[in-house]
Amino acid sequence: MRTSLQAVALWGKNAPPHSITAIMITDDQQTIVTGSQEGQLCLWSLSPELKISAKELLFGHSTSVTCLARARDFSKQPYVVSAAENGEMCVWNVTNGQCVEKYFVLLYFLDVMLSKTEENENWLLRLFLK
């Protein structure tokens, strides 16, 4: 049986460092996801007035995040894939902030992209490697 833990980060007056290395916005344009040099992801709310506010800080990588991409049709399944420079790749549920899958490969990810195949309605996750 697989169990999952959710980490909660608390900080005082100043938030921990989050030097942005990757950024994406969801299809509904209400959530911005950033990856950082410190290995975290941050979920940000984007209001209709274009005000940005931090929602959650997610921990899952031990090195710098190099790329982010949506993992499914975001309106139906709000998942994001993140990859780090040491070969870690995580699939995140953006609704609850949990890393639902984590993989490790001995490759350096330059970019991750989700696209539909022309032949049918399947989604294809493409990894661009160094």
Side-chain angles (χ1 to χ4, degrees):
M1 178 162 88
R2 186 173 182 187
T3 60
S4 65
L5 298 174
Q6 183 151 357
V8 176
L10 303 174
W11 55 82
K13 190 175 182 178
N14 299 316
H18 186 75
S19 307
I20 295 173
T21 55
I23 189 167
M24 66 162 286
I25 189 165
T26 58
D27 293 339
D28 62 8
Q29 298 189 355
Q30 294 181 2
T31 303
I32 297 170
V33 183
T34 57
S36 75
Q37 185 175 354
E38 295 79 19
Q40 311 105 345
L41 271 66
C42 190
L43 305 179
W44 307 82
S45 292
L46 180 62
S47 74
E49 299 80 28
L50 301 178
K51 303 278 187 203
I52 299 172
S53 57
K55 291 194 314 187
E56 292 183 66
L57 192 59
L58 311 177
F59 298 90
H61 291 291
S62 57
T63 60
S64 180
V65 175
T66 56
C67 48
L68 299 165
R70 58 192 173 113
R72 295 269 190 247
D73 181 355
F74 203 83
S75 62
K76 296 176 186 165
Q77 294 180 309
Y79 291 97
V80 170
V81 176
S82 62
E85 64 183 20
N86 68 344
E88 292 172 330
M89 185 169 62
C90 295
V91 179
W92 300 89
N93 180 329
V94 178
T95 304
N96 62 19
Q98 290 187 328
C99 176
V100 295
E101 290 291 332
K102 187 170 187 174
Y103 301 95
F104 183 80
V105 292
L106 296 174
L107 299 169
Y108 180 87
F109 295 101
L110 291 177
D111 199 6
V112 182
M113 182 176 70
L114 184 73
S115 60
K116 268 194 176 175
T117 58
E118 292 182 21
E119 305 84 52
N120 52 38
E121 293 298 309
N122 292 332
W123 289 90
L124 177 65
L125 184 64
R126 297 177 182 180
L127 305 174
F128 297 92
L129 309 172
K130 184 175 183 179

**Message:** Rounded to the nearest 0.5 Å, what separates atom NE2 in His18 from atom OG1 in Thr34?
**Reply:** 2.5 Å
**Asked** Among the clusters formed by ILVMFWY side chains lying less than 4.5 Å apart, do Val94 and Met24 turn up in the same one?
**Response** yes
**Message:** Quick one: does any side-chain atom of Gln37 pair with a main-chain N or O of Thr21 as donor and acceptor, under 3.5 Å?
**Reply:** no
**Message:** So, taking the atom named OG in Ser47 and the one named CD in Gln30, what distance separates them when rounded to the nearest 0.5 Å?
**Reply:** 10.0 Å
**Item:** Side chain to side chain, Leu41 and Glu56, heavy atoms closer than 4.5 Å
**Value:** no
**Asked** Does one hydrophobic cluster hold both Leu50 and Ile32, with members joined at side-chain heavy-atom distances below 4.5 Å?
**Response** yes
**Asked** Hey, which of His61, Lys102, Gln40 is the one that makes side-chain contact (heavy atoms from CB on, under 4.5 Å) with Ser82?
**Response** His61
**Ser62-Glu88 side chain donor-acceptor pair, cut-off 3.5 Å** = yes
**Asked** What heavy-atom pair brings Trp92 and Phe59 nearest, and what distance separates the two atoms?
**Response** CH2-O, 3.5 Å
**Message:** A side-chain contact here means heavy atoms from C-beta on lying under 4.5 Å apart; do Thr26 and Arg70 qualify?
**Reply:** no
**Prompt:** Nearest heavy-atom pair of Ile25 and Leu46: which atoms, and what distance?
**Reply:** CD1-CD2, 3.7 Å
**Complete:** Between the OG atom in Ser45 and the CD1 atom in Ile52, the distance rounded to the nearest 0.5 Å is 10.0 Å
**Asked** For Phe104 and Asn86, which heavy atoms make the closest approach, and how far apart are they?
**Response** CE1-O, 3.0 Å
**Asked** Are Tyr79 and Tyr103 connected in the hydrophobic side-chain network, where two residues link if heavy atoms are under 4.5 Å apart?
**Response** yes
**Item:** Which atom of Leu68 lies closest to which atom of Val65, heavy atoms considered
**Value:** CD2-CG1, 4.2 Å
**Request:** May I ask whether Val100 and Val81 are part of the same hydrophobic cluster, defined by side-chain heavy atoms of I, L, V, M, F, W, Y residues being less than 4.5 angstrom apart, directly or through others?
**Result:** yes
**Prompt:** Are Trp44 and Ile23 co-members of a hydrophobic cluster defined by side-chain heavy atoms under 4.5 Å apart?
**Reply:** yes
**Smallest separation among heavy atoms of Gly60 and Cys90, with atom names** = O-SG, 4.0 Å
